[in-house]
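In what follows, a single structure is set out as structure tokens and then discussed.
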Amino acid sequence: MRAVSFESVGFSYPGSRQDKSSKQVFEGLTLTLVPGKVYVMSGPNGCGKSTFAKLMTGMLKPDSGRILIGENDMVWMGLSDIGKHVGLVMQNPSRQLIMQKPVDEIAFGLIHRGMQKDEAANVAKAALRDYKLTEIADTPTQKLSKGEQVRLAMASVAVLEPDWLLLDESLSCLDGASRSKVLDKVARLVRHGGGALIISHSKDLAYELGAIRILIERGGVSVVV
Amino acid sequence: MSVLVLSGIKFAYSGSNRKVLDGVDLSIEKGEAVLISGPSGGGKTTLCLVAATIIPTRVQGDFSGMAELMGQGTRKLGPSGASEYVGYVMQEPEFSMIMPTVEDEIAFGLENRGREPAEVAVAVEGVMTRLGMEGLAGRDPRRLSSGEKQLVAMASAVVHKPQLVILDEALSGLDDDKRALALAELDAMRQGGAALLIAEHAGTGRQAPFLSARRYVLQDGRLAEEVSG
Ligand SMILES: Nc1ncnc2c1ncn2[C@@H]1O[C@H](COP(=O)(O)OP(=O)(O)OP(=O)(O)O)[C@@H](O)[C@H]1O
Ligand SMILES: Nc1ncnc2c1ncn2[C@@H]1O[C@H](COP(=O)(O)OP(=O)(O)OP(=O)(O)O)[C@@H](O)[C@H]1O
Ligand SMILES: [Mg+2]
Ligand SMILES: [Mg+2]
């Protein structure tokens, strides 16, 4: 399992037609996430937590500096290659759900990776049961409730068994039972040498999980163990 | 007169035979806060849609029961009639944003309701200051962080001083400072006579306006009142 290193990363959102000013989020950000650990990231609204998660999954590219998975610079890796190492449950999960049927959503990544359709469907059905989604197996993914979408996104990412699991405010959308389920999954991943980054406004979470805290302030990052 | 009265509400989304709401009774008076929690998929958002009159007028399904807002049947009132009385912060606020800047987005509802430009400007500036979002005025509302979008949605929902404010998980994504400002705004509205309907997962704090809130759990299509302990 590999570490993920941000080396002097700079990132700005470019301006748009309505709002021409570009929006700088990071400058010279250097940080290494070591596998076998859980990190809890927090900081004020707009400080860059979701941007960090998207950089770490290759959805956004740094303007300067580089991000390494192990020894490999992410710029030279394809998204599906990065996907073997890093999986993200987004803050607005409806954006990451692309299929109509929940079971197809989970199977999609597996088939893309070369698994036979039948086998992928079986794995997907088991994952639906695992995340208590069998009742909504016939509901279109875009119509699911927010918590159901989070669980479906989680299931779709988890079956791909990435080394790193990134959860962007996912826990606050879940009820007690599914929250425990997801935290169980995180604990198991970490025991097997993987790592997790959980973005949350909760003050108690890092303590509850014995995690390393990462605080992002506007313009700077500090790590608190 | 109650602000909202729901009686015997049943609802199944079209294409599904599961009654997401299966006999919901709830009335909310002026100045009252009601907090709804319950399992994910339990129907909190569906209940908010009924209170905002979007169900049954805009969402297809099998609806029965009686819903009244400010003494008027919601089927007749419709979403545009109801919008005078209701401010609704949706769980996924980004889908409701249409204007090029945050300032315009918040002003839009007021202008739409025929308020004078001078009055609009004062109201928009006031709510942005109280929610600590002055810095966002010229930004594109679709290109913000999730918490920033929630704030814009909240400002748009309260700026016309509605009689009923509906919040669907609208606080969980805010940082501590923003959350405190949002709660202060909501409690001031409640003290001014507004009713609050708030859907949140369990664990929502004990500060105002939750301190005096009636609490319910929505499960298996029905509301059960939580006895405070
Ligand atoms: N348009 C729709 N068509 C079919 N089923 C739907 C539709 N919208 C919602 N549902 C289903 O209705 C149930 C209740 O959904 P709702 O969004 O009200 O739940 P919720 O309590 O708000 O959940 P959460 O805590 O996850 O936000 C869910 O199982 C959901 O999948
Ligand atoms: N698509 C975009 N275009 C331009 N600016 C953006 C875009 N998305 C986010 N931003 C800005 O970049 C900064 C970082 O946003 P980000 O979404 O990473 O914050 P966050 O820490 O996740 O906040 P939250 O707690 O509200 O989710 C914010 O100032 C935001 O306004
Ligand atoms: Mg975010
Ligand atoms: Mg909901």
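We name chains A, B, ... by the order of the sequence lines, and we start the count at 1 in each one.
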**Request:** Assess whether atom NZ of A:Lys181 is packed by more than 12 heavy atoms of other residues, nucleotides or ligands within 6.0 Å.
**Result:** yes
**Asked** Relative to chain B, which segment of A:Lys203 carries a heavy atom at a distance below 4.5 Å: side chain, backbone, both, or neither?
**Response** side chain
**Prompt:** Among B:Glu92, B:Lys44, B:Glu169, which residue meets the side-chain contact (heavy atoms from CB on, under 4.5 Å) test with A:Lys146?
**Reply:** B:Glu92
**Prompt:** Which bit of B:Ser172 is near chain A, if near means a heavy-atom gap under 4.5 Å: side chain, backbone, both or neither?
**Reply:** both
**Item:** Pairwise distance CG(A:Asp138) to CZ(B:Arg18) - rounded to 0.5 angstrom
**Value:** 13.0 Å
**Message:** Please report the interatomic distance CD(B:Gln219) to CG(A:Asp175), rounded to the nearest 0.5 Å.
**Reply:** 9.0 Å
**Fill in**
Turns out that what part of A:Ser50 lies under 4.5 Å from chain B's heavy atoms comes down to neither
**Request:** Would you indicate whether B:Asn17, at its atom CG, is surrounded by more than 12 heavy atoms from other residues, nucleotides or ligands within a distance under 6.0 Å?
**Result:** no
**Asked** Should we say atom OH of A:Tyr207 is surrounded by more than 12 heavy atoms from elsewhere, each under 6.0 Å from it?
**Response** no
**Which atoms of B:Leu174 approach chain A - backbone, side chain, both or neither, heavy atom under 4.5 Å** = both
**Prompt:** Do other residues, nucleotides or ligands put more than 12 heavy atoms under 6.0 Å from the NZ atom of A:Lys61?
**Reply:** yes
**Message:** Let's go through B:Arg139 and A:Lys23 carefully: what are the C-alpha distance in whole Å and the side-chain angles of both, what is the deciding distance for side-chain contact (heavy atoms from CB on, under 4.5 Å) to 0.1 Å, and is it a yes or a no?
**Reply:** CA-CA 10 Å; B:Arg139 300 280 306 279; A:Lys23 174 89 199 140; 3.5 Å; yes
**Request:** Measure A:Arg95 against the heavy atoms of chain B and call it side chain, backbone, both or neither at under 4.5 Å.
**Result:** side chain
**Asked** Within a radius of less than 6.0 Å around CZ of B:Arg214, do more than 12 heavy atoms belonging to other residues, nucleotides or ligands occur?
**Response** yes
**Message:** Would you say that more than 12 heavy atoms from the other residues, nucleotides or ligands in this model lie under 6.0 Å from the NZ of B:Lys19, or not?
**Reply:** yes
**Fill in**
Given A:Ser202, A:Cys173, A:Ser200, A:Gly43, the one with more heavy-atom pairs under 4.5 angstrom with chain B than any other is A:Cys173
**Message:** Ignoring hydrogens, what is the shortest heavy-atom contact between A:Asn45 and B:Lys178? Give both atom names and the distance.
**Reply:** OD1-CG, 3.5 Å
**Prompt:** Measuring heavy-atom distances to chain B, does A:Glu148 have an atom under 4.5 Å in its side chain, in its backbone, in both, or in neither?
**Reply:** both
**Message:** As an exercise: rank B:Gly147, B:Gly173, B:Ser146, B:Ser40 by heavy-atom pairs under 4.5 Å with chain A and give me the winner.
**Reply:** B:Ser40
**Prompt:** In terms of heavy-atom pairs under 4.5 Å with chain A, which of B:Asp177, B:Leu151, B:Asp140 leads?
**Reply:** B:Asp140
**Flag if over 12 foreign heavy atoms under 6.0 Å of CD, A:Gln142** = yes
**Prompt:** Do other residues, nucleotides or ligands put more than 12 heavy atoms under 6.0 Å from the CD atom of A:Glu208?
**Reply:** yes
